[in-house]
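Every number for a ligand or one of its atoms is a count from 1 in the order of the listing.
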Amino acid sequence: MTRYIQLQGHRGARGLFPENTIEGFIRTLALGVDVLEMDVGLTADGQVVVTHDPSLNPDITRAAGGEWLARPGPMIGSLTREALLAYDVGRIRPGSAYADSFPDQAPHDGARIPVLAEVIGLDPEIRFDIELKTFPLHPEWTASPGEMADAVLATLDATGAVPRATVQSFDWRGLRHLRARRPDVTLSWLTRRSTGVDTRRWWDGPDPSDYAGSVPRAVAAEGGPIWAPEHHDLTAELVDEAHLLGLEVVPWTVNRPDDMRRLIGFGVDGLISDRPDLVRCVLDAEGLTVPLARSGPGIIRAG
Ligand code: MG
């Protein structure tokens with residue numbers, strides 16, 4: 001049996017196209033991934049929008065007059081969907097550290113923050129990995145985890161996309177809420193060392209020390225089925241332990257070919273990457289299945 005490694009495009013393909021935008025997702029589908037990874041928040045009028053930060057990010061956001069935001073904000077949750085449409089998120093601010101991190105990102109001026117249903121409508125078969133962005137240490141920044149999870153579920157139900165979706169979060173409260181309400185929704189438990197500092201709050205109770213220091217055991221105790229660790233936290237032994245517990249292991253955010261090869265060697269089940277083009281090259285070179293390029297009926301290729 002040929003081994004299969006799922007390729008997830010992080011925020012679409014942040015290294016190549018404007019993150020979390022329709023234009024970026026369309027180009028990512030045309031490039032060929034298995035899964036579109038994205039982040040969500042709730043607007044003041046309860047719309048699920050696809051964006052990473054709890055407030056508008058000055059590194060990628062211009063106001064209606066074309067001027068760059070001087071500082072973070074306003075908060076996504078303070079703006080209606082209509083108000084949010086005034087902002088252009090199609091280009092990284094030239095000269096910023098963020099631009100240095102993604103020098104190959106091609107801009108698409110005019111790109112707006114989309115609603116989740118628009119992204120789901122792009123392709124009838126592609127899978128989605130939807131990250132609930134809530135913050136246990138800052139409840140004032142966003143809707144509650146339960147509210148956000150319910151709003152995402154409503155969109156997934158309305159679009160018939162539950163079978164094609166995974167919901168992930170560092171804040172395990174939203175995931176537990178979904179599991180209790182709808183066990184048919186696939187969940188992915190995000191972890192990283194920085195949240196390990198305050199794990200009892202991010203995990204709302206448990207801590208690795210409750211599992212002899214084992215993060216995969218903590219994820220298995222939640223029912224899995226997917227563990228999504230920061231890739232530097234992974235070892236071959238941890239991947240083996242997770243597999244013995246029945247978990248799939250899908251690390252983030254893997255952008256360098258040497259890291260991709262190392263993690264494939266560990267036996268991971270998927271890779272989340274800002275550079276799915278590079279992952280495709282590595283998969284091909286390793287003799288592994290490379291995802292098909294897609295252009296579904298909902299997709300209009302921009303020139
Ligand atoms: Mg994310």
*Asks:* Looking at the Mg ion (ligand 1), which N/O/S atom of Glu37 is the nearest one?
*Replies:* OE2
*Asks:* Considering only N, O or S atoms, which atom of Glu131 is nearest to the Mg ion (ligand 1)?
*Replies:* OE1
*Asks:* Whether Glu125 and Arg294 form a salt bridge (side-chain N of Lys/Arg under 4.0 Å from carboxylate O of Asp/Glu) is what I want to check.
*Replies:* yes
*Asks:* In terms of side-chain heavy atoms, does Thr191 have a donor or acceptor partner in Trp227 at a distance below 3.5 Å?
*Replies:* yes
*Asks:* Kindly say whether Arg81 contributes a backbone atom to a donor-acceptor pair with the side chain of Asp45 at under 3.5 angstrom?
*Replies:* yes
*Asks:* Pro145 pairs by side-chain contact (heavy atoms from CB on, under 4.5 Å) with which of His177, Arg176, Arg173?
*Replies:* Arg173
*Asks:* Confirm or rule out an N/O/S atom of Asp39, from backbone or side chain, lying less than 2.8 Å from the Mg ion (ligand 1).
*Replies:* yes
